[in-house]
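Inspection log for the structure reproduced underneath, given as C-alpha cells.
FYI, side chains are in, hydrogens and waters are out, and symmetry mates aren't considered; it's all heavy atoms of this structure. Each chain gets a letter, A, B and so on, in the order its sequence line appears, and its residues count up from 1.
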Number of protein chains: 4
Amino acid sequence: MIKSLPSRRRKEARPQELLDAALELFVEKGFAASRAEEVAVRAGVSKGTLYLYYPSKQALLQAVISHHLIDRFSVGVAQAAQFQGSAADLLRSLLVSGWQEVYDSDAAKVFKLVITEVRNFPELASFYHREVVEPVHRQLGDVIRRGIAAGEFRPVAVEHAVHSLMLPLVMLCLHRHSLGACAAAGQIDGHRFIQAHVDLVLAGLSV
Amino acid sequence: MIKSLPSRRRKEARPQELLDAALELFVEKGFAASRAEEVAVRAGVSKGTLYLYYPSKQALLQAVISHHLIDRFSVGVAQAAQFQGSAADLLRSLLVSGWQEVYDSDAAKVFKLVITEVRNFPELASFYHREVVEPVHRQLGDVIRRGIAAGEFRPVAVEHAVHSLMLPLVMLCLHRHSLGACAAAGQIDGHRFIQAHVDLVLAGLSV
Amino acid sequence: MIKSLPSRRRKEARPQELLDAALELFVEKGFAASRAEEVAVRAGVSKGTLYLYYPSKQALLQAVISHHLIDRFSVGVAQAAQFQGSAADLLRSLLVSGWQEVYDSDAAKVFKLVITEVRNFPELASFYHREVVEPVHRQLGDVIRRGIAAGEFRPVAVEHAVHSLMLPLVMLCLHRHSLGACAAAGQIDGHRFIQAHVDLVLAGLSV
Amino acid sequence: MIKSLPSRRRKEARPQELLDAALELFVEKGFAASRAEEVAVRAGVSKGTLYLYYPSKQALLQAVISHHLIDRFSVGVAQAAQFQGSAADLLRSLLVSGWQEVYDSDAAKVFKLVITEVRNFPELASFYHREVVEPVHRQLGDVIRRGIAAGEFRPVAVEHAVHSLMLPLVMLCLHRHSLGACAAAGQIDGHRFIQAHVDLVLAGLSV
DNA sequence: CATGAATGAGACTTCATTCAT
DNA sequence: AATGAATGAAGTCTCATTCAT
C-alpha cells in the first residue's frame, strides 16, 4: 500500500480522518445502516484501527457530533454586543455570510445527523440545545429585541421571529444532505436563498 | 389471546394497522434501526403476519410513505384558482389552517421519514418531489405571482419566497418528530409559530 | 371457483391428486425445498385441505412412495416360473417392455425420490429394499441361474450380472428426472437404450 | 479453544476444510436440508467464518461441485490415443482401476449431489455435461469406434454401448451414497462389481 | 369438509467487536 | 500501533402447521 505521508504524521491525523469519514458516511446512509468497516476503509485504515481510537461505533458518532458543534455557535456574542450599526445590518452581518459558510461546511452535515439520530441517542438533544440552539437564539433574540426597543422593528414575538429566520436556514442544510443530494429532487441555490430569505424576513420585521 | 373483532374485520384493518405502527416506529428509531418484529408487535400481530401483507421491510417503508403522501398535496389547486380575495388572504387561508393540520397529522412524520431515508432509497426523492414539492410550489408560486402582478406584493424572486414560506413549516414538522420529541430540547408552539411566520413573511412581501 | 366434477367425485380423488402433485414437486425440487402449499395448489386445493388428508409433509412423502412401490415389483414371479422359452428370451420379455413401461411411469420418479431422500428418511431404505430390490433381484437371479444351469449362459457371478442388467435401467430413470430434465444436458433415448442394453448384456452372458 | 496450528496455516486450509464439510453434509442430507451452521461446525469454524470464504450457501454448493469436477475427467485422452494394445484392454485399463478410484473418492459424492440438486440449480447441468459427460463419452466412444473399426467389436450403436458401460458405474457411486449408506439396504461390493461389469460388457461387445 | 389468516420456530446472512499476530 | 480473521448475537424472511370461520 502506498502511503504518501510519513506515518508519524498520518498517525496524528487518524482521529480526524476517522471523524471525517464517519460524518460523511453517517450522513449518507444513517448511523444504523453504516458499517464500521466502511468508515475505516474511507479513512484509509483497517477495521481494527478504528477501534484503537474509538471504543465503539456509538462513541464514534458522539465524537463526530461533538467535534463539529462544540464552540462553533457560541462565538460572536461579544462581537455582536459592540456592533454599531442598525439591528437589521447586524442580523444581515451575522446571518448571511455566517450561514453561507455553515451551509457549505461539515456543520450542515451534522445538523442532518442530529435530526436523524437524536431520537435514538437522546443525549444528543441536550448537547445540541446547549451548543447550538441556545447560543444562536440568545444572540439573535437579543438583536431583535434591541431592534424593537430602538423602534427599528415592529413589536413581534421574538421567539417566533428567531424561528422564522433560523428554521429555513437549518432546513436548507438538511435539504442539502438529504433530498438535495438526490438527482431526482429539486435543487435550491443555497447562497442566494439565504440572502433573499434574510432580506425578506427583515423587510417583514421593519416598521 | 383475546380477539374482540371477527377476523374478517380484523383482516381488512391489518394493512392500515401495520402502516400506522411502521410509521410510528420508523420515525422514532429510523428505518434501519427498527425491527420488523417490533412493527408487527405494535400492530398487534406476529412477525409472520407482517410478511403476509408486505413482502419485505423495505416494501413496508414504501407503502407507509406512499399511503400518506399520495394525493395529499395535489388538492386545492382549483379552489385557489377561484379565490376572490387578496393574494395575502389566499396564502393565509391555504397555509395557516392547512399546515396546522399537517403539523398535527401523520404527514408531519412522513416528512421526517423522507428526509431521514431518502439517501438510502433514492426512489423516494422523485416520489416526494412529484407528490409534495411540485404541487405545493406550483400553487404557492402562482399565488405569489398573482400578488406581484396585482401590485399587492413587491417583485421578489418567487421561488425564494416560496421557500421562505415553506421551509420553516417543513422544518417545524421535522423538529416535532426529532428534537421536539426529546424532553431535553426546546419546544416550539407549532400552531402559534405557523400563524406568526406566515404573518411575518406576508408583511415582508407586501409593498 | 369452477368445479368441473361433482364434489363427491372430487373428494374421493383428493388423496390421489395430492399424491400426484407431491410426487411431481418432490422430484422436481426435492422434498426439503418443496413447499406444502405448492403441493396443495398443484392438486387444486388449499393448504388446509392437504392437512385433512395427510397429517404432515413427511407423511405425504411416505404415502407417495408407498403408493407407487407397493406390489409393483413383486408381481410376475409366478409368470416367470412357468415361462417356456430360453432364459435370454425370458429376460428380454421381463426387462425390455417391462422397463420401458417403468421408465415412462411415475415409478421412475419414485426411484429418483428414494435415492434423493433415503438418507434423511432411513425407513425408506428397508421399504425400498423389500418392495423393489428384493423381488427384482430374486426374479432376475433365478432366471440367470436357470440359464447357467441350462448351459445357455456362462457361469458368471449372478449378483453382479443382475446389477449389470439393472443398474443402468435404474440410472436411466434417475437421469430422466434429473439431468435429463435439463435442457443443457445430453438426452438419452430411453426406449432404444433399454433394448440395446439388454441385448448387449445378454450377448455378454451367452456362452 | 485449542488451536494447534498457527492461524496463517489454518487460514489457508479453510476453504478446503469448508468444501469437505459441505460435500459431506450436502450428500448426507441434501442441500436444502443442510444448515449452513452445521457445515461450519463440521469444518471446525463458526457460522460467520463460513461467510468469510463463501458469500452464500449456494455459492458454497457451486464451489464444492466445481472443485471436485473441474479437470478431473478431461485427462487421459492423450494417454488413450497412444495406447498400443487392443480396444478391450484399453477400456479395461481406463475403466476398472480408474473407476474403482472414482468410486472411493469424493467425486462419487459429487455425482450424488449433482443428480440430487441439478433441477434446483440448472446451471449445474451444463457444467456437469461439459466437465464429465462430454469428456468421458468422447473418450470411450473413440475407443469403441476404434475396436469396431479393427474388427475387435461387433458393430453396435456406440452411444448406447458407452451408456451400458458407464451408467452402472455412475449408479454404483450414487448407490454408495444413498441406499448403500443405509444399514437396511443391500450392499454392493463396488470394486468387484466394476471388474465384473466391465468384463461382462466387453464380452458382449466382442465379435 | 374446506379455507386461508395467523403463528412462531428456524434458517440464512450481516456486522460490531475482539484478539492473536 | 495496525491488521484482518474469527466470532456469535441479532435481524430478515420463510414455511410447516393450526384453527376459527
Side-chain angles (χ1 to χ4, degrees), chain A residues 1 3 7-8 10-11 14 32-41 44-60, chain B residues 1 3 6-12 14 32-40 44-60, chain C residues 1 3 7-8 10-11 14 32-41 44-60, chain D residues 1 3 6-12 14 32-40 44-60:
Chain A
M1 196 182 299
K3 297 192 178 184
S7 76
R8 174 79 58 87
R10 299 223 58 208
K11 242 183 273 187
R14 282 287 149 72
S34 297
R35 294 171 44 190
E37 180 159 23
E38 191 171 354
V39 172
V41 167
V45 299
S46 75
K47 205 175 2 174
T49 302
L50 169 60
Y51 284 88
L52 289 178
Y53 292 93
Y54 300 94
S56 71
K57 195 182 153 191
Q58 184 176 337
L60 178 60
Chain B
M1 192 181 300
K3 296 194 177 183
S7 78
R8 175 80 56 86
R9 183 117 155 259
R10 304 221 57 204
K11 191 211 158 190
E12 282 160 9
R14 281 287 143 72
S34 297
R35 293 170 38 199
E37 182 160 22
E38 191 171 354
V39 173
V45 298
S46 74
K47 197 179 10 170
T49 301
L50 168 60
Y51 287 91
L52 236 44
Y53 293 91
Y54 300 96
S56 71
K57 197 182 153 191
Q58 184 177 335
L60 178 61
Chain C
M1 192 182 301
K3 297 192 178 183
S7 76
R8 175 79 58 84
R10 299 220 60 207
K11 243 183 275 189
R14 281 286 150 72
S34 297
R35 294 170 45 190
E37 181 160 22
E38 192 171 353
V39 173
V41 166
V45 298
S46 75
K47 204 174 6 172
T49 301
L50 169 60
Y51 284 87
L52 290 176
Y53 292 92
Y54 300 96
S56 72
K57 196 180 152 192
Q58 185 176 337
L60 178 61
Chain D
M1 194 179 298
K3 298 192 178 185
S7 77
R8 175 78 58 85
R9 182 118 156 259
R10 302 222 58 205
K11 192 211 158 191
E12 283 160 9
R14 280 288 143 74
S34 297
R35 293 169 40 198
E37 182 159 22
E38 191 169 355
V39 173
V45 299
S46 74
K47 201 176 8 170
T49 301
L50 169 60
Y51 286 90
L52 237 44
Y53 293 91
Y54 299 95
S56 70
K57 197 183 152 191
Q58 184 176 336
L60 178 60

How does protein contact run along nucleotides 9-14 of chain E, one letter per nucleotide 5' to 3', with B for base contact, S for sugar-phosphate only, - for none, heavy atoms under 4.0 Å?
BBSSBB
Grab the stems for DNA chain E, please: at least three consecutive Watson-Crick or wobble pairs, both distances below 3.5 Å, written as range with range.
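Looking at DNA chain E, the stems formed by three or more consecutive pairs are E:2-21 with F:2-21.
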Whole-Å distance between [N] [atom2] and [X] [atom1]?
| X | N | atom1 | atom2 | result |
| --- | --- | --- | --- | --- |
| C:Y54 | F:dA16 | OH | C1' | 17 Å |
| D:R14 | F:dG4 | CZ | C1' | 13 Å |
| C:L50 | E:dG4 | CG | C1' | 13 Å |
| B:L52 | E:dG4 | CG | P | 12 Å |

Please tell me which of the listed nucleotides, F:dT7, E:dA2, F:dT3, lies nearest to the side chain of D:V45?
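The answer is F:dT7.
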Can a side chain N or O of C:Y53 be found less than 4.0 Å away from OP1 or OP2 on E:dA2?
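For C:Y53, the contact criterion (side-chain N or O under 4.0 Å from OP1 or OP2 of E:dA2) is met.
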Any C:T49 side-chain N or O less than 4.0 Å from OP1/OP2 of E:dT3:
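Answer yes for this pair, as a side-chain N or O of C:T49 is under 4.0 Å from OP1 or OP2.
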Mind checking what makes side-chain hydrogen bond (donor to acceptor under 3.5 Å, both in side chains) contact with C:T49, not counting sequence neighbours?
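By the side-chain hydrogen bond (donor to acceptor under 3.5 Å, both in side chains) rule, C:T49 matches C:S46.
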Quick one: side-chain hydrogen bond (donor to acceptor under 3.5 Å, both in side chains) partners of A:S56, sequence neighbours excluded?
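Checked A:S56 against side-chain hydrogen bond (donor to acceptor under 3.5 Å, both in side chains); zero matches.
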For C:K47, check salt bridge (charged side-chain N to carboxylate O under 4.0 Å, His left out) against everything at least two apart and list the hits.
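If we apply the salt bridge (charged side-chain N to carboxylate O under 4.0 Å, His left out) test to C:K47, skipping adjacent residues, the hits are C:E37.
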Taking only residues two or more places apart in sequence or in another chain, which ones pass side chain to side chain contact (heavy atoms under 4.5 Å, CB included) with B:Y54?
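Result, side chain to side chain contact (heavy atoms under 4.5 Å, CB included) vs B:Y54: B:P15, B:L18, B:L19, B:L50, B:L60, B:A63.
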